[in-house]
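We count ligands from 1, going down the list as the structure has it; atoms in each ligand are counted the same way. Computed from a predicted model, the values in this text were never measured in an experiment.
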Amino acid sequence: MKPLSIHDVHREGVELTLQSLLAYWKQHEHYAVAWSAGKDSTTLLTLIVHLVQAGHLPKPKKLYVFYADTRQELPPIQLAAEQIIAKLSELDWIEVIVVRAPLDKRFMVYILGRGVPPPNNNTLRWCTRQIKVEPMAAALETALEQLPGTALMLTGVREGESAIRDGRIAMSCSKDGAECGQGWYQQVLPEAKGIKGRIATLAPLLHWRVCWIWDWLKVWAPMPEFGGWPTQILADAYGGDEAEEINARTGCIGCPLAARDTALETIVAMPTWAHLSPLLELKPLYRWMRKPEQRLRKRGVERLKDGSIAKNPQRMGPLTLEARSQALEQVLDIQRRAGVDLINGEEEARIRELIEAKTYPDKWTGDEPRADLWLDAVYSDGSVQPILFRELVS
Ligand code: SF4
């Protein structure tokens, strides 16, 4: 029987990917992959390694793999990532760089230690940039500092899902099937301070359909001919045999920006992962934290440096210290019951230290009233309407 070759795998799709890679390969001195360990960027990474090993792409002196570890990934994704990293480390031309936000900016430390409420889709979308894009830009900058020339950053962005439908690369991860952060890498990274002009991005899977992705991850990539990658486990995170239909998005466990955590709901329905069901309590906990009872509110008119009045005079702000302590205990309890590590020892110690030190975000002191208390209404022009029936609320 004729040995299998890459041309047996969705011929047109792979051919186009190869052509786009070849067209840019010679224009750069260094190559890197922005890898989130989700399905698209894992397909890209394993495919590139195969293309090099099979002689379709020239072997680079070094391929840098930047793994964005948010510490909030779904356990099957985390496990697959660890196994893939172990395989990659056998290759001397690949360097895996694990990228994490600095301690104080990590998801749990920022929320529970500093008191910034969990992100939402409106005014408080701080997370992707802070826990993924900025650490990635910083890691790239460090790597590029020591290297001459330009780098080509490869991303797993595809057009089919979160990508360029309306003429721009969607940067939200709220849509089904997307991997949080991938559009940001494509669009924001090249502009990042320190690497601007020295990095170009390319999305070689832009034209791939989701069924090709699954064929690669479930059928081809695990075959010895294509590298024997442990990618089947990833399918669990997306719904096992029904991954394609369920089309779950991935990102942080209990992502507060997604209406439902389809990936987690699907995983815990499988006997192998049923022990993770306490993680379902995270999403309601994030919702609880965003309520006025758990937060502070500006009392009234806030003067800005230039003397003008801030737009939203009584805006809600950070979490109270009590709410943070309570939520910390709940997360620790959830992770103990689920047998995972969302907050490690170092992070827990830092959170407790920040709470102890009464740390608040900039422009907040902790002396503000709790956001569920009734206050005189203050309007953006500075006028005040006293509470009616004050005696009823005092
Ligand atoms: S998955 Fe959700 S919480 Fe995590 S970085 Fe993306 S948007 Fe933020």
Give the numbers and elements of all ligand 1 atoms closer than 4.0 Å to a heavy atom of C127.
-> 3 (S), 5 (S), 7 (S), 8 (Fe)
Atoms of ligand 1, numbered as shown, that sit under 4.0 Å from any heavy atom of P256 | 3 (S)
Going by the 4.0 angstrom heavy-atom rule, the piece of A258 near ligand 1 is neither
Output the list of atoms in ligand 1 that are nearer than 4.0 Å to some heavy atom of G251, sorted by atom number.
-> 1 (S)
Contact flag C252/atom 8 (Fe) of ligand 1, N/O/S atoms, threshold under 2.8 Å = no
Qualifying ring-ring contact (aromatic ring centres under 6.0 Å, His included) pairs, either residue in residues 314-360, two or more places apart = none
Can you label the angle between the H50 ring and the H56 ring as parallel, tilted or perpendicular, going by 30° and 60°?
-> tilted
When clusters are formed by joining ILVMFWY residues with side-chain heavy atoms under 4.5 Å apart, either directly or through shared neighbours, do L16 and W208 land in the same one?
-> no
Do Y64 and W35 have ring centroids that are under 6.0 Å from one another?
-> no
Could you tell me whether the side chain of E15 reaches within less than 4.5 Å of the side chain of Q19, counting heavy atoms only?
-> yes
